[in-house]
Amino acid sequence: MKVAVTGGAGFIGSHIVDQCLAAGYDVFVIDSLATGKRENLNHKAVFYEVDITSSDIQTIFEKEKPDFLIHEAAQASVPGSLKDAVGDATTNVVGTVNLLEASRLTGVRKVVYASSAAVYGNPEYTGIDELHHKQPLSPYGVSKYVPEFYLYVYQHLYGLKYTAFRYANVYGERQDPNGEGGVVSIFVDRVNAGQELSVFGDGEQTRDFIYVEDVARANLMALTAGDNQIFNISTNRKTSVNELIELLRPYAKQPLTVHYEKPREGDILHSYLDNTKAKKGLGWEPHYSLAQGLEKTMGYYQKKS
Ligand SMILES: NC(=O)c1ccc[n+]([C@@H]2O[C@H](COP(=O)([O-])OP(=O)(O)OC[C@H]3O[C@@H](n4cnc5c(N)ncnc54)[C@H](O)[C@@H]3O)[C@@H](O)[C@H]2O)c1
């Protein structure tokens, strides 16, 4: 069985590639290296340095004939989508449609798509379940949401099966702290460099931090389960930024200092995603607590430095 993984040189995609190969799948990667890195590529996978909006996608799919597509490639930054809304929509919407066309024309059995908690916008309640209202608050939130409709349409018109995942805040090894990595990768980087941590607000804001290996495992499970459904991939738990800091404190080589700044306007205070549907419909649940995921992440960076 062959799996095409887009974004396989990126953070989450590279973990999916590793797990697919370990499970015995043949894998090829499509990545433009826009934010991905060659060093993240697993050398056992064939690599195409190609943009997902390119007409080359059709040619590659005709040659490789994948059974499955796991689609992680994206313009994955909220600020990036504000700076270049056209570029964001081109990659995330047009790129996805281009892949769906190639998939249906070459007989792909199923597409697994990385959507985002950003589709929900401001929480009406927590834990946010899949039926919660969708009111994205950024071009990125819209461009991650629109492909969910295309997936439905391609299933309806052509019988192309899909699973879409709305990820919470993913963290772990290979997340780029210089990109839009999010608070965990920035803090991990600063703790390792012996630098002060900056927090917007009082640190009591909460998020749902899910470890990347749990996210990758959900993708593998979706190759054989959860057809034509959308699932939150999350821990169902809220963790405050202050709690995160306390979990990281033992790893600091010198006393950790934290600087509290004014809250950022528009930041959501509390958010976590309900994962009941994924537990029931996919048989998936996270295996890693935040403490365990952080231990693996810190171990990786401390070995690297
Ligand atoms: N990291 C998170 O917390 C999170 C949360 C919700 C959803 N997601 C989604 O998960 C997916 C993976 O995100 P990530 O955090 O690993 O980001 P990432 O930036 O590390 O990975 C994205 C990959 O896509 C590639 N790419 C970008 N534009 C491309 C294009 N036009 N053609 C081909 N390749 C292109 C990049 O080079 C990169 O390797 C994305 O779809 C993102 O929207 C991530």
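Since we're looking at a predicted model, the values are computed, not measured. Just so you know, ligand 1 is whichever comes first in the structure, and atom 1 is the first atom listed for that ligand. One-based numbering along the sequence shown.
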Min heavy-atom dist [X] to ligand 1 below 4.0 Å:
X: A168; answer: yes
X: Y171; answer: no
X: A117; answer: no
X: V50; answer: yes

Can you confirm, on distance only, whether ligand 1 has an N/O atom lying under 3.5 Å from any N/O atom belonging to [X]?
X: G36; value: yes
X: S116; value: no
X: S115; value: no

Ionic contact status for D67 with K2, cut-off 4.0 Å:
no

Before accepting this row, confirm whether a basic side-chain N of the pair R174/D18 lies closer than 4.0 Å to the acidic partner's carboxylate O.
yes

Per-atom filter on ligand 1: closer than 4.0 angstrom to a heavy atom of A73 are 24 (O), 34 (N), 35 (C)

Given V29, T53, I12, identify the one with the heavy atom nearest to atom 44 (C) of ligand 1.
I12

Heavy atom under 4.0 Å from ligand 1: found in A118's side chain, backbone, both, or neither?
neither

Just heavy atoms, cut-off under 4.0 Å: does L33 contact ligand 1 by side chain, backbone, both, or neither?
backbone

